[in-house]
Each structure stands twice: as structure tokens, then as C-alpha cells.
Amino acid sequence: QVQLVESGGGLVQPGGSLRLSCVVSGFTLDYSAIGWFRQAPGKEREGISCISSIGGSTYYADSVKGRFTISRDNAKNTVYLQMNSLKPEDTAVYYCARRRTLCSAAMIAWPTFADTTWGQGTQVTVSS
């Protein structure tokens, strides 16, 4: 059974940092892309970053480029999202997701595909 479990969310002040983790089980990272999405109240789910297991290609949305870094540890079956210089507008529930595909800007369409597997989400709140 495929499972993804996020952790690392919390409350942080503007300008602060958090590192989210996504532990995957039931499959290996070697044949998948893992993406990070976020959803703020009243807004659509936004694809912000992904990483391919083969080749390691990455993608970042303009809203997080230069502040967030995605990485993976295949030995630990874990994907990380390092978030720096956090802003109040980064406040959202953050989800990791998996598809059997390569990472690209097309990740923004993953929510429309039935074969996308989702984690349960972790809350990130940026506030003073």
C-alpha cells in the first residue's frame, strides 16, 4: 500500500525557516516524482516544487523560487522541502504527492489525475 506521511510543519515568524519531510512507503522512490503542494483557506491547491527520482530534475513555482529547496534521500525514502525566508503568504497546509512520472512544470496538473497519491498534509503558519 502506497503511503506518504508529511511532518515538520508548525508556527514560525516571518523570515524564519522550516524543513518539511515526506516519508514514503509501499514503493521505492526510484520510479516516481514527488511533489509538494500547498493549499490556503479558500484557495486552490498550488503545486510549488517537485523532484524526479531518476535524474534528480527539479521544478519550483515562481512563488517559492530562491527561497525553497527540494531534496531527496532515497536510502531513507524521504523527500525534504527546506523553506527559508518564510512569508505570511506561505501559510497553508502543505501536502506531498507522488506520481509515476518525471518532475516538470506539468506538476501543477497532478491534482486532476486519479493516480496521484497524497499525504495527509501538515500545517505551516507564518505569523508574528
Side-chain angles (χ1 to χ4, degrees):
Q1 183 179 358
V2 175
Q3 283 190 319
L4 298 91
V5 179
E6 304 95 334
S7 63
L11 173 64
V12 63
Q13 292 186 341
S17 298
L18 282 174
R19 189 177 78 159
L20 305 183
S21 300
C22 174
V23 179
V24 303
S25 61
F27 65 95
T28 65
L29 285 175
D30 289 347
Y31 303 101
S32 300
I34 301 294
W36 284 98
F37 294 74
R38 65 186 182 187
Q39 190 164 20
K43 295 189 176 181
E44 292 187 352
R45 193 165 293 191
E46 176 191 13
I48 57 174
S49 184
C50 63
I51 186 166
S52 293
S53 296
I54 299 175
S57 59
T58 59
Y59 162 80
Y60 297 95
D62 287 344
S63 57
V64 304
K65 196 174 295 181
R67 300 188 298 123
F68 291 10
T69 302
I70 193 169
S71 63
R72 72 179 193 269
D73 184 334
N74 286 356
K76 295 183 179 180
N77 271 4
T78 302
V79 173
Y80 303 98
L81 186 69
Q82 178 66 44
M83 305 187 297
N84 298 329
S85 302
L86 284 162
K87 306 174 182 180
E89 51 264 44
D90 294 317
T91 295
V93 178
Y94 283 69
Y95 300 89
C96 62
R98 173 254 190 178
R99 284 201 75 218
R100 292 182 63 87
T101 186
L102 294 176
C103 167
S104 72
M107 73 162 301
I108 63 174
W110 286 14
T112 67
F113 293 107
D115 63 346
T116 301
T117 303
W118 296 93
Q120 83 289 350
T122 185
Q123 176 71 46
V124 172
T125 302
V126 185
S127 175
S128 55

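- Distance check: R19 CZ to L81 CG gives 10.5 Å after rounding to the nearest 0.5 Å.
- For the atom pair CG of L20 and CZ of F68, the computed distance is 8.0 Å after rounding to the nearest 0.5 Å.
- R98 places no side-chain N or O within 3.5 Å of a backbone atom of G119 that could act as its donor or acceptor partner.
- By the criterion of side-chain heavy atoms lying less than 4.5 angstrom apart, applied directly or through intervening Ile, Leu, Val, Met, Phe, Trp or Tyr residues, V124 is not grouped with F37; the two fall into different hydrophobic clusters.
- The distance from atom OG of S32 to atom CG of L102, rounded to the nearest 0.5 Å, is 10.5 Å.
- Closest heavy-atom contact between C50 and S104: SG-N, 3.6 Å.
- Rounding to the nearest 0.5 Å places OH of Y94 at 5.0 Å from CD1 of I48.
- In summary, of the residues considered (V64, T91, L18, T125), a side chain to side chain contact (heavy atoms under 4.5 Å, CB included) with L86 occurs for L18 alone.
- Counting heavy atoms from C-beta outward, V24 and T117 have side chains that stay 4.5 Å or more apart.
- Counting all heavy atoms, side chain and backbone alike, Q82 lies closest to S17 at NE2-CB, 3.9 Å.
- For Q120 (side chain) and E6 (main-chain N/O), a donor-acceptor pair under 3.5 Å exists by modelled atom type.
- For the pair W118 and P111, the minimum side-chain heavy-atom distance is below 4.5 Å.
- T101 places no side-chain N or O within donor-acceptor distance of the main-chain N or O of R99, the cut-off being under 3.5 Å.
- Using a 4.0 Å cut-off between charged nitrogen and carboxylate oxygen, K87 and D90 do not count as a salt-bridge pair.
- Side-chain contact between P14 and P88 is present, with at least one heavy-atom pair separated by less than 4.5 Å.
- A donor-acceptor pair is defined here as one N or O able to donate and one able to accept, closer than 3.5 Å; no such pair exists between the side chain of S21 and the backbone of S7.
- In this structure, the side chains of D115 and R100 stay at 4.5 Å or more apart for every pair of heavy atoms.
- Evaluation of the side-chain hydrogen bond (donor to acceptor under 3.5 Å, both in side chains) test over residues 41-50, restricted to residues two or more places apart or in two chains, returns R38-E46, Q39-R45, E46-S63.
- Formation of a donor-acceptor pair under 3.5 Å by the Y60 side chain with backbone atoms of I70 is found in this model.
- Of all non-hydrogen atoms in C22 and L4, the two that sit nearest each other are SG-CD2, 3.7 Å.
- Under a 3.5 Å cut-off, the side chain of T116 and the backbone N or O of W110 do form a donor-acceptor pair.
- For the residue pair S85 and R67, the shortest heavy atom distance occurs at O-NH1, 3.0 Å.
- Taking the side chain as every heavy atom from C-beta outward, Y59 and I108 approach each other to under 4.5 Å.
- Here the CE-OG1 distance, from M107 to T58, works out to 11.0 Å after rounding to the nearest 0.5 Å.
- Residues V79 and W36 have side chains in contact (heavy-atom distance under 4.5 Å, counting atoms from C-beta outward).
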